[in-house]
K.L.:
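I have a structure I would like to understand better, so I am pasting it below and will then ask my questions one at a time.
All values derive from a computational prediction rather than experimental measurement.
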Amino acid sequence: MDTTLRGSARNEAGGLLTDLMNRVPGTQRVLLATGDGLKIAWTDQDASEADKLAALMTGLHSLARGAFETTPGGVRQVAVEHDAGGLFVMSAEGDAANPRLVGTLLGVVTTREASPGQVGFEMARVIKGLGTQLAVQARDSQPAEQGQ
């Protein structure tokens with residue numbers, strides 16, 4: 001099943017990601033991905049690099065969830081600090097009433113000059129701006145029957 005945004009939703013997502021990048025000094029890359037690791041929209045990187053970042057974001061978010069597996073609630077944000085900058089991953093949870101929807105992750109890679117507080121604030125604005133468009137239909141794990 002295709003998990004990408006279509007038409008105006010893709011344009012809106014791309015515009016919000018670009019706006020975030022322009023508003024936060026030190027932002028290098030911004031990526032929106034499904035909770036199961038597929039890129040949706042991205043800035044300033046080729047598709048191959050976006051695939052790698054989407055997989056990395058999903059892995060980090062999954063590891064953080066594992067630390068709280070017996071605790072109710074969800075992981076909202078994961079931050080990694082590096083000598084060269086940071087990686088921030090924020091969750092935009094899917095619709096709890098529909099377990100077939102998977103949450104969406106927003107990732108931002110920055111230089112050291114970026115303010116973590118400003119990055120988090122702007123990420124929350126992007127997630128709020130996209131609203132219900134962030135929930136994407138989960139892929140089927142069952143192979144399709146032949147002849148359909």
K.L.:
If you take all heavy atoms of A41 and A13, which pair is closest and at what distance?
P.N.:
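Minimum heavy-atom separation between A41 and A13: CB-CB, 4.2 Å.
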K.L.:
Run the side-chain contact (heavy atoms from CB on, under 4.5 Å) test against T111 and tell me which residues pass, sequence neighbours left out.
P.N.:
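Per chain and number, T111 pairs via side-chain contact (heavy atoms from CB on, under 4.5 Å) with Q28, E113.
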K.L.:
Could you state the interatomic distance from CG (L63) to OG1 (T58), rounded to the nearest 0.5 Å?
P.N.:
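Rounded to the nearest 0.5 Å, the CG-OG1 separation comes out at 11.0 Å.
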K.L.:
Does the side chain of Q118 reach to within under 4.5 Å of the side chain of P25, using non-hydrogen atoms?
P.N.:
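Contact flag for Q118/P25 side chains = yes.
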K.L.:
Taking the side chain as every heavy atom from C-beta outward, state whether S91 and Q77 have any atom pair closer than 4.5 Å.
P.N.:
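Sidechains of Q77 and S91: no contact.
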K.L.:
Can you tell me how far CZ of F88 sits from CD of E81, rounded to the nearest 0.5 angstrom?
P.N.:
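Going from the CD atom of E81 to the CZ atom of F88 covers 7.0 Å.
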K.L.:
How many angstroms lie between atom CG of L32 and atom CG of L38, to the nearest 0.5 angstrom?
P.N.:
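Those atoms lie 11.5 Å apart.
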K.L.:
Say you draw a straight line from OG1 of T27 to CG of N22; how long is it, rounded to the nearest 0.5 Å?
P.N.:
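Rounded to the nearest 0.5 Å, the OG1-CG separation comes out at 9.0 Å.
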K.L.:
Please check if the side chain of T110 supplies one atom and the backbone of G86 the other of a donor-acceptor pair under 3.5 Å.
P.N.:
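Yes, the answer is positive, given that a donor and an acceptor are paired below the 3.5 Å cut-off.
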K.L.:
What do the steps show when you test V126 against E122 for side-chain contact (heavy atoms from CB on, under 4.5 Å), and what is the final call?
P.N.:
CA-CA 6 Å; V126 167; E122 295 296 342; 5.7 Å; no
K.L.:
Might you point out which heavy atoms bring H61 and V75 nearest each other, and give the distance in Å?
P.N.:
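Shortest heavy-atom separation between H61 and V75 comes out as NE2-O, 3.2 Å.
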K.L.:
Return the set of residues passing salt bridge (Lys or Arg N to Asp or Glu O under 4.0 Å) with E49 (not counting sequence neighbours), or none when no residue passes.
P.N.:
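So E49 forms a salt bridge (Lys or Arg N to Asp or Glu O under 4.0 Å) with K52.
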K.L.:
With A50, which residues qualify under side-chain contact (heavy atoms from CB on, under 4.5 Å), at least two apart?
P.N.:
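With neighbours one apart ignored, the set is L31, K39, W42, Q45.
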K.L.:
For E69, give me all partners under side-chain hydrogen bond (donor to acceptor under 3.5 Å, both in side chains), at least two apart in sequence or on another chain.
P.N.:
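For E69, no residue satisfies side-chain hydrogen bond (donor to acceptor under 3.5 Å, both in side chains) once neighbours in sequence are set aside.
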K.L.:
Could I get the full list of side-chain contact (heavy atoms from CB on, under 4.5 Å) partners for T43, not counting sequence neighbours?
P.N.:
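Listed in chain order: L17, T18, M21, V30.
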K.L.:
Residues two or more places apart in sequence or in another chain: which of them pass salt bridge (Lys or Arg N to Asp or Glu O under 4.0 Å) with R112?
P.N.:
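Testing R112 for salt bridge (Lys or Arg N to Asp or Glu O under 4.0 Å), a comparison that skips the adjacent residues, returns none.
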K.L.:
Compare every heavy atom of M57 with every heavy atom of A33, then report the nearest pair and how far apart it is.
P.N.:
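Shortest heavy-atom separation between A33 and M57 comes out as CB-CE, 4.1 Å.
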K.L.:
Salt bridge (Lys or Arg N to Asp or Glu O under 4.0 Å) with R76: which residues, sequence neighbours excluded?
P.N.:
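Once residues adjacent in sequence are excluded, R76 has no partner under the salt bridge (Lys or Arg N to Asp or Glu O under 4.0 Å) criterion.
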K.L.:
Run through T104, L105, L106 and flag the one making a side chain to side chain contact (heavy atoms under 4.5 Å, CB included) with I40.
P.N.:
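For I40, the side chain to side chain contact (heavy atoms under 4.5 Å, CB included) check succeeds only for T104.
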K.L.:
Report the residues that fulfil side-chain contact (heavy atoms from CB on, under 4.5 Å) with L87, sequence neighbours left out, ordered by chain and then residue number.
P.N.:
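Result, side-chain contact (heavy atoms from CB on, under 4.5 Å) vs L87: L53, L56, L60, V80, V89, V109.
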